[in-house]
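Here is the structure we will look at, set down as structure tokens.
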Amino acid sequence: MKQFKAKIISNKKIAPEHYILSFKTPRIAKDTKPGQFFSVRVSRAYEPFLRRPFSAHKITQDRIEILYKVVGKATEILSMKKKDDILDVLGPLGNGFSLEPTADSPSLDYARDRQPTALLVAGGHGVAPLYALARQVTNRKSRTLVFIGARTKKHIVNDKELRKLGAKVYISTDDGSRGYKGSVIDLLKRKARAMSYELGVRIYACGPKPMLKEVAKLARRYKMPCQVSLEEYMACGIGICLGCAVKTRTGFKLVCKDGPVFDAGEII
Amino acid sequence: MNLKVKIGKLKLENPVILASGTAGFGKEIKDFIDINKLGAIVTKTITLNKRKGNPPPRIIETPGGLLNSIGLDNDGLKDFMFEKISFLEKLKIPVVVSIAGDTIDKFVKLAKELSKARCIRAIEVNLSCPNIHHKGTKFPLLAQDRKAVEKIISRLRKTTTNTLIAKLSPNVTDIKEIAKAAERAGADAISLINTYPGMLVDINTMKPKLGGVTGGLSGPSVKPLALKCVWDAYNAINIPIIGIGGIMDAGDAVEFLICGASAIQVGTANFVNPHASLEILDGIKEYLKKKKIKSVKNLIGRLKI
């Protein structure tokens, strides 16, 4: 059964608009992979009506953390939840990021003489699922470079935590209030170019669709395997309503069931 | 306590049915509920050939509702008969297959092929999906055209001995006329309502919020409208009515029964809570117990005026 009631351990504001909510779920946490998501019913009222999907931000032995930004009524209600409140949750849903070699991407083992490298690219709060992935990658002793693009320095979350994991963090802001002034793609381009002859470099990205398209283009150019996590409005989250369809090279696919993580080559 | 109801030849153990398009082909919801505890299941609508569906975004939330433009995305009859059916065959409850077509011949072919499968006990004829182009009528929807309804249902009546259910649209001048047409043509029951046509606009981009421009509205916000349709139809026809439209809890379900529905379908609620149908069934039992009503049949159409 993937539907469960979870007790909130904490729900903390970490930035002007961002919160981290942690809930206890020993059985579920074990089976959760970075990139998978949970669908939360924030209230029993009819507005907001549907559940809201949140990716796993941190997965530990017995708990799941989600990182969310208050953008509307549902996240506002969620932000007011207190310790010990009970949440109605579905999950873990969808597939996750894959670290395993595939037929068309070089094996990590192949690069025996060097450390495999993961380039994590986050636009806005796209950092949410990438932090869980960064924990997994750094655990494997792979080199981890994280690129975070945000509007202003106030919108950057999680950079310290990522550094603590041992990841190298590069930041860009639209207004230049911190790090590189400009798009995160420009930052990524420079690094990717320098690494284009290395083996075992992989890209994982999450953020707005235009950014993901750029990342995919870049990955294609440097022949780096790349996975992206997509977002789409969802009703059921479990592959029934067919509402979260996205166009791929092989026809419509569902973000909730076939994704949210897709091979970058698939997205249009 | 007796929960049994009859819809055509179908004998249902209870009046709670999973609505088309909200439970897939059973398999998709089986991890969340024991389907065999319900009255019946209606599959996602299938068409003769595969349909890729409408462009995204396909859904958008509204106050107390859901606007969708899925566009009957399905893999077609062949895939159904070879793949999807295997799970349905193992179910102990009646399986109703929802069908749609853009010509009468396609409806007939679907019904003919489906009637060969032993596990399929009934066909729900989707005449009312607002997200596809309806051919063979000058109206936007087949279900708005009394003559088209009559023609399709009577042809299907000659094609299959399975229970035939006509799924109608609420978006008509007079639901009684359409319901009567379905009855005259030989339908065993009607189910209503399908979604209301609707749309929403993003004022920043000035674009429609749905890829298909317009969609169909479902959820609690359409419940009063649906109840009125059921009540009107109940007073016009003698065949059973399956009530649908924003049923979120047992109270909603009982309202439909009181207005004349012999059974109810749980639709959009499955998206919000995949366990909703079983909770509704339990709630109906509790209601009957509290009200000391021995049979759910004693509730049907008992509106006190």
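Each chain gets a letter, A, B and so on, in the order its sequence line appears, and its residues count up from 1.
The shortest heavy-atom contact between A/Asn11 and A/Leu78 is ND2-O, 2.9 Å.
Between chain B and the options A/Leu90, A/Val246, A/Asp88, heavy-atom pairs under 4.5 Å are most frequent for A/Leu90. Taking chain B as the reference chain and counting heavy-atom pairs below 4.5 Å, the highest number among A/Gly251, A/Ala235, A/Gly237 is found for A/Ala235. In terms of heavy-atom pairs under 4.5 angstrom with chain A, the leader among B/Pro55, B/Ser221, B/Gly64, B/Ser69 is B/Gly64. Looking only at heavy-atom pairs under 4.5 Å with chain A, the residue among B/Gly71, B/Gly219, B/Ala23, B/Pro274 that has the most is B/Pro274. Ranked by heavy-atom pairs under 4.5 Å with chain A, the first of B/Gly211, B/Gly65, B/Gly24 is B/Gly65.
Within 6.0 Å of atom NZ in B/Lys50, more than 12 heavy atoms from other residues, nucleotides or ligands are found, so the atom counts as buried in its surroundings. Around the NZ atom of A/Lys247, the shell of radius 6.0 Å holds no more than 12 heavy atoms that belong to other residues, nucleotides or ligands.
Interface residue B/Asn273: backbone and side-chain heavy atoms are both found under 4.5 Å from chain A. Of the two parts of B/Asp73, the backbone and the side chain both hold a non-hydrogen atom closer than 4.5 Å to a non-hydrogen atom of chain A. Only the side chain of B/Ile60 comes within less than 4.5 Å of a heavy atom in chain A; its backbone stays farther off. A/Tyr233 touches chain B through backbone and side chain together, each having a heavy atom under 4.5 Å away.
For the pair B/Asp31 and A/Lys2, the salt-bridge criterion is not met [side-chain N within less than 4.0 Å of a carboxylate O].
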Query raised in the report: When you look at A/Ser177 and A/Asp175, which way does the side chain to side chain donor-acceptor pair (under 3.5 Å) test go after all the steps?
Result: CA-CA 5 Å; A/Ser177 53; A/Asp175 66 351; 2.7 Å; yes

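Ring pair A/Phe38/A/Phe23 is perpendicular by interplanar angle, where above 60° counts as perpendicular and below 30° as parallel.
The cationic atom of B/Lys84 (NZ for Lys, CZ for Arg) lies less than 6.0 Å from the six-membered ring centre of B/Phe25 and within 45° of the ring axis.
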